[in-house]
Amino acid sequence: MPLNNKNIFVALAAALFAVSSYAAAPKSVAILSIVDHPALDATRDGVIDELKAAGYDKDKVKIQFQSAQGNTATAGQIARKFIGDKPDAIVAISTPAAQSVVAATKTIPVVFTTVTDPVAAKLVSSWQPSGTNVTGVSDSVAIGPQVDLILQVKPDAKRVGMVYSPGEVNSTVVVKELKDELTKRGMTLVEVPAARTIDVAPAAKSLVGKVDVIYTNTDNNVISTYESLVGIANQAKIPLIAGDNSVAKRGAAAALGMSYYDLGRQTGKIVVRLLEGEKPGAIAPEVGNKLSLSVNPAAAQKQGVTLPAELVQSAQEVIK
């Protein structure tokens, strides 16, 4: 039966409504963090703020966030739940979170962040565009400047202690790099594993009397219970030096690390590119581009050292 003008108009109107409704449908971004702590929270906030800055407000993008509360099995469950929701992109904050998501999907775009070494973590095969559904931003920092900071705070340091999670690739990579760098300088590393958060304090206590300074990286177990480490360092008069500047407020004497909020903003820029049609496999993984030095002179005093005036003056953040 041929269409009359009225039928043609109705059909066109219905088609236009369907197209406009599809075009107006909000995008969806899922964010998974392995645990709640200041650095990872700042990363998440940076991602969300970058999406807003690019015009992706709550009307244009649906954002869902979940924390695995430090449990890798829970991270896997959340990853599978997110994948079932079929978001336009999944942001995975931390190495364990990223490994959980990447293991669960080969199709949905995944953007990792706060991952020290994505190649060692087997998220991507190289620092070139992956050709897969994975890209992201690393929080890797050069080890040399970390050791320089240790020696600025404690010039006579020879033995450096480190508590780390053997299950976190981001930490095992740093242990190896730090050991190599210290050996070059005639120094030694005394590393103690702490597989769970509750193991951190006993591990730190085992370093008392054996080390001149304790170094911490971005290990999620350690950062989650940093105050317990601070208490031991204060009592034993052992300076705490960190590769995560968020812990200076929590009692580290000095910290040189990424600005995690800025790392989140950098990650958010990649997410925006994906929402606008780029493929993750065509975007090379990046490294965070903003370092920040934070110092806490009062914490240093409690740990038996006085920070050099020039170090304090050079810091981007001085904790009062």
Side-chain angles (χ1 to χ4, degrees), residues 31-34 37-47 49-51 54 89-99 101-102 109-149 164 168-178 180-181 215-220 223 241-247 255-274 278-294 316-317:
I31 304 175
L32 168 61
S33 180
I34 191 60
H37 68 60
L40 303 190
D41 296 347
T43 304
R44 176 200 62 211
D45 293 345
V47 171
D49 285 353
E50 185 61 36
L51 289 173
I90 299 176
V91 177
I93 304 176
S94 80
T95 300
Q99 288 174 320
V101 177
V102 170
V110 178
V111 184
F112 62 77
T113 187
T114 68
V115 170
T116 299
D117 190 336
V119 178
K122 298 183 179 179
L123 302 175
V124 290
S125 60
S126 74
W127 288 90
Q128 301 302 312
S130 68
T132 69
N133 64 316
V134 183
T135 186
V137 185
S138 165
D139 64 352
S140 176
V141 295
I143 288 294
Q146 301 291 308
V147 178
D148 292 342
L149 179 60
Y164 75 102
E168 291 193 30
V169 175
N170 55 305
S171 293
T172 57
V173 166
V174 171
V175 167
K176 182 182 183 303
E177 292 179 350
L178 183 57
D180 291 344
E181 182 66 24
Y215 174 77
T216 62
N217 70 319
T218 56
D219 188 287
N220 293 295
I223 299 300
I241 312 300
D244 174 354
N245 64 355
S246 72
V247 298
L256 177 65
M258 290 289 162
S259 165
Y260 280 93
Y261 176 77
D262 289 319
L263 190 77
R265 296 293 297 252
Q266 189 175 344
T267 305
K269 291 182 188 299
I270 292 180
V271 178
V272 169
R273 291 169 66 181
L274 298 181
E278 289 192 54
K279 300 297 184 184
I283 302 174
E286 301 175 1
V287 177
N289 51 29
K290 287 192 179 181
L291 281 178
S292 177
L293 172 64
S294 299
Q316 283 73 48
E317 179 183 40

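All of these numbers come straight from a predicted model, not from anything done at the bench.
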Next on the checklist: What I want to check is whether the side chains of D117 and S138 have a donor and an acceptor closer together than 3.5 Å.
Outcome noted: no
Next on the checklist: Please check: side-chain N/O of E50 versus main-chain N/O of K269, any donor-acceptor pairing under 3.5 Å?
Outcome noted: no
Checklist entry - Which heavy atom of L51 sits nearest a heavy atom of G268, and at what distance? => result CD2-O, 4.4 Å
Checklist entry - Is a side-chain N or O of T43 found less than 3.5 angstrom from the main chain of A39, in a donor-acceptor match? => result yes
Item to check | Any donor-acceptor pair under 3.5 Å from Q99 side chain to L123 backbone | outcome: no
Checklist entry - Does T135 use its side chain to pair, donor to acceptor, with the backbone of G281 at less than 3.5 Å? => result no
Checklist entry - With a 4.5 Å limit on heavy-atom distance, are the side chains of T218 and T116 in contact? => result yes
Next on the checklist: Strictly distance-based, threshold 3.5 Å: is any side-chain N or O of Q266 a donor or acceptor partner for the main-chain N or O of N289?
Outcome noted: yes
Item to check | Side chain to side chain, I34 and L40, heavy atoms closer than 4.5 Å | outcome: yes
Checklist entry - When rounded to the nearest 0.5 angstrom, what is the spacing between OG in S130 and CD1 in I283? => result 9.5 Å
Checklist entry - Under 4.5 Å between any side-chain heavy atoms of V287 and W127, yes or no? => result yes
Checklist entry - Closest approach of V141 and G257, non-hydrogen atoms and distance? => result CG1-CA, 4.5 Å
Checklist entry - Will you find, in the side chains of E168 and N220, an N or O donor that is under 3.5 Å from an N or O acceptor? => result yes
Checklist entry - How far does CZ of R44 sit from CG of D41, to the nearest 0.5 angstrom? => result 4.5 Å
Checklist entry - How close do P285 and S126 get, heavy atom to heavy atom, and via which atoms? => result CG-O, 4.1 Å
Checklist entry - Do I223 and N217 have side-chain heavy atoms sitting under 4.5 Å apart? => result no
Checklist entry - With a 3.5 Å cut-off and no angle check, do the side chains of Y261 and D45 form a donor-acceptor pair? => result no
Item to check | Contact check, side chains of S171 and V174, non-hydrogen atoms, under 4.5 Å | outcome: no
Next on the checklist: Side chains of V101 and L32, heavy atoms from C-beta outward: is any pair under 4.5 Å?
Outcome noted: yes
Next on the checklist: Any donor-acceptor pair under 3.5 Å linking the side-chain atoms of N245 with those of S292?
Outcome noted: yes
Item to check | Distance (rounded to the nearest 0.5 Å) between M258 CE and S140 OG | outcome: 6.5 Å
Checklist entry - Is there side-chain contact between P280 and V134, with at least one heavy-atom pair below 4.5 Å? => result no
Next on the checklist: Does D139 form a side chain to side chain contact (heavy atoms under 4.5 Å, CB included) with T113? I'd like the steps, not just the answer.
Outcome noted: CA-CA 7 Å; D139 64 352; T113 187; over 6 Å; no
Checklist outcome for this item: Here the pair of heavy atoms bringing F112 nearest to A98 is CB-CB, 3.8 Å
Next on the checklist: How long is the straight-line distance from OH of Y260 back to CG of D244, given to the nearest 0.5 Å?
Outcome noted: 5.0 Å
Checklist entry - When rounded to the nearest 0.5 angstrom, what is the spacing between CD in E317 and OG in S246? => result 9.5 Å
Next on the checklist: With a 4.5 Å cut-off on side-chain heavy atoms, are L263 and V137 touching?
Outcome noted: yes
Checklist entry - What heavy-atom pair brings L256 and P145 nearest, and what distance separates the two atoms? => result CD2-CB, 3.9 Å
